[in-house]
Amino acid sequence: MKVEADLVLSAGQLVTMAHGPAGPVLEEGAVACLEGRVVMVGSREEVEGSTRLVGGALRIERPHSVATPGLIDCHSHPVFGGWRAEEFEMRLGGADYMEVLKAGGGILNTVRATRAASPEELFTLGRERLDAMLKCGTTTLEAKSGYGLDTENEVKCLRVTGRLGSSHPVEVLPTFLGAHAVPPEFQGDPDGYVDLVCQEMIPRVAQENLAVYVDVFCEVGAFSPEQSRRVLECGMEHGMKPRLHADEFRPSGGAELAAMVGALSADHLVAASREGLRAMARSGTVAVLLPGTPFFTQHEPPNAGRFRDAGVPMALATDFNPGSCTLLSLPLTMSLACLTAGMSPWEALQGCTCQAAKALGVQDRLGTLEPGKQADITLFDAPSFPHIPYRLGHNLVELVIKRGRIVLGG
């Protein structure tokens with residue numbers, strides 16, 4: 001009996017990222033989909049011989065292209081007002097972080113601009129950024145708040161994030177990052193701000209069902225492990241899944257905390273301790289590497305070998321934000337991961353597909369191409385997947401499919 005399908009795509013190389021009978025990479029492979037879900041994967045002959053096209057079915061044949069699961073950006077900050085090009089110029093001229101802060105720059109510059117922006121302005125800016133990400137093959141995006149830093153503005157940004165997710169082809173998964181930095185109103189009183197986050201912000205965000213995840217910046221100069229644990233545990237009590245920024249500049253206990261609370265991921269981790277990485281390996285917490293950020297800020301890149309040796313799974317993300325990384329492209333992120341962090345092309349592609357799905361806790365429906373999974377596919381004008389990171393700065397994306405529907409190209 002033949003399987004019904006409303007979409008059949010065949011490619012010169014099909015990367016499924018799955019370990020079922022078809023295997024993770026198929027030459028001359030094909031995928032059949034029905035109503036936004038994958039129903040069959042195999043060789044072109046197998047799929048064409050075993051499917052029956054229904055309704056206004058679409059057949060796509062790209063014998064000289066490579067198809068992968070839709071790319072997943074599992075760490076980004078797309079909703080903010082203003083840019084910080086002046087700081088970029090200052091840093092290139094030798095200014096350090098404190099000099100930038102004294103000149104009125106840093107994250108609080110973005111906080112001021114975001115607070116001043118209307119919801120409609122933020123929505124328009126966010127939509128433009130999602131458009132650019134889609135053109136680079138992104139089909140799913142984790143989007144953090146964190147530039148409001150008070151209850152009303154954090155809620156404002158998360159409401160905008162929800163509007164973007166309901167109106168744009170890119171699937172948006174919102175994260176509450178109220179503990180991104182200490183705002184001016186609480187300078188010198190981070191514990192007081194954590195009280196506000198836990199007693200007012202998180203209950204409000206949960207009441208309106210505005211976030212899937214809770215995040216915190218656990219770092220020397222931001223929030224301590226004890227403060228971070230309060231935020232994460234409060235978010236978990238309100239139904240949010242924990243993830244955190246950790247150990248970006250110095251070992252701060254963030255990796256250990258991530259393992260302790262069972263976080264889905266800990267992100268950055270350039271300075272994570274060996275003990276922290278071992279703890280993450282035991283807890284199954286994914287390390288999200290962000291090679292674009294140290295490249296942009298001219299700091300030490302992550303070392304993939306440390307995570308590989310510790311047995312910690314590695315995801316990749318852009319960390320798109322206005323201050324430390326304006327990168328929107330996951331293929332370019334893969335290139336940087338290979339060239340600066342020591343990842344292989346296969347590890348880099350895993351980092352933007354199946355491992356990114358694991359970092360978000362959505363591996364049951366995203367990240368691989370196999371029966372039952374969501375039909376999210378990115379098609380590249382290339383003969384094989386290593387070309388994606390190898391062709392530095394090229395945009396090879398020619399077609400993007402989200403839930404079985406073409407949303408870019410054709």
Side-chain angles (χ1 to χ4, degrees), residues 1-72 130-131 133-141 165-172 330-331 349 352-354 357 362-385 387-388 395-410:
M1 185 175 178
K2 291 192 173 184
V3 175
E4 291 186 342
D6 55 22
L7 170 69
V8 173
L9 180 146
S10 61
Q13 186 178 75
L14 178 69
V15 181
T16 69
M17 286 296 169
H19 296 286
V25 181
L26 283 170
E27 304 301 330
E28 301 298 331
V31 55
C33 311
L34 179 68
E35 296 178 352
R37 294 279 172 178
V38 175
V39 294
M40 186 178 183
V41 175
S43 69
R44 177 179 175 181
E45 292 75 16
E46 288 172 337
V47 171
E48 291 186 353
S50 302
T51 56
R52 181 173 66 85
L53 298 182
V54 297
L58 184 63
R59 184 188 298 275
I60 302 171
E61 297 184 9
R62 300 295 173 95
H64 305 294
S65 300
V66 55
T68 74
L71 302 185
I72 301 169
L130 264 63
D131 286 346
M133 291 174 165
L134 177 62
K135 290 176 182 177
C136 295
T138 298
T139 58
T140 301
L141 176 75
S166 63
S167 62
H168 198 278
V170 173
E171 183 175 351
V172 180
L330 281 173
L349 184 55
C352 295
T353 53
C354 57
V362 294
Q363 65 269 34
D364 59 328
R365 61 186 181 88
L366 297 175
T368 63
L369 295 176
E370 54 188 319
K373 293 291 186 75
Q374 202 162 287
D376 293 2
I377 305 168
T378 301
L379 196 73
F380 296 89
D381 181 15
S384 62
F385 73 83
H387 279 256
I388 302 170
N395 188 352
L396 303 176
V397 174
E398 59 179 354
L399 188 74
V400 178
I401 293 170
K402 182 66 181 179
R403 296 188 179 94
R405 183 174 65 90
I406 295 176
V407 293
L408 181 78

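Quick caveat, the model's predicted, so the values are computed rather than measured. Starting from 1, each residue takes its place in the sequence as its number.
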For this session: Using side chain to side chain contact (heavy atoms under 4.5 Å, CB included) as the criterion, list what pairs up with Ala11, not counting sequence neighbours.
Result: Leu9, Ala67, Leu379
Exercise. Can you list every salt bridge (Lys or Arg N to Asp or Glu O under 4.0 Å) pair that touches residues 2-23, not counting sequence neighbours?
Worked result: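 The answer is Glu4-Arg52.
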Problem set entry | Any residue meeting ring-ring contact (aromatic ring centres under 6.0 Å, His included) with His387, in chain and number order, not counting sequence neighbours | Tyr390
Seminar exercise, completed: Contacts of Thr68 meeting side chain to side chain donor-acceptor pair (under 3.5 Å) (sequence neighbours excluded), chain-then-number -> none
Problem set entry | Side-chain heavy atoms of Leu134 within contact of His168, under 4.5 Å | yes
Exercise. Can you name the salt bridge (Lys or Arg N to Asp or Glu O under 4.0 Å) partners of Arg44, sequence neighbours left out?
Worked result: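 So Arg44 forms a salt bridge (Lys or Arg N to Asp or Glu O under 4.0 Å) with Glu48, Glu61.
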Exercise. Among all residues two or more places apart in sequence or in another chain, which pass the salt bridge (Lys or Arg N to Asp or Glu O under 4.0 Å) test with Arg403?
Worked result: Glu171
Problem set entry | Any residue meeting side chain to side chain donor-acceptor pair (under 3.5 Å) with Asn395, in chain and number order, not counting sequence neighbours | none
Problem set entry | Residues forming a side chain to side chain contact (heavy atoms under 4.5 Å, CB included) with Leu58, sequence neighbours excluded | Leu7, Ile60, Ile406
Exercise. Under a 4.5 Å cut-off applied to non-hydrogen side-chain atoms, are Pro331 and Ile388 in contact?
Worked result: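 Pro331 vs Ile388: side chains touch.
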Exercise. Out of Thr140, Leu71, Val400, which residue meets the side chain to side chain contact (heavy atoms under 4.5 Å, CB included) rule with Asp376?
Worked result: Thr140
Problem set entry | Qualifying residues under salt bridge (Lys or Arg N to Asp or Glu O under 4.0 Å), relative to Glu45, sequence neighbours excluded |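 Here no residue qualifies.
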Problem set entry | Atom pair CG (Leu141) and CG (Leu330), whose distance is rounded to the nearest 0.5 Å | 8.5 Å
Would you give me the side-chain donor-acceptor pairs under 3.5 Å for residues 24-37, sequence neighbours excluded?
| residue | atom | partner | partner atom | Å |
| --- | --- | --- | --- | --- |
| Glu27 | OE2 | Gln13 | NE2 | 2.9 |
| Arg37 | NH1 | Gly372 | O | 3.1 |

For this session: Please list, chain by chain and in numerical order, all residues satisfying side chain to side chain contact (heavy atoms under 4.5 Å, CB included) with Val172, sequence neighbours excluded.
Result: Leu130, Ala143, Thr161
Problem set entry | Test salt bridge (Lys or Arg N to Asp or Glu O under 4.0 Å) applied to Glu46 - qualifying residues, sequence neighbours left out | none
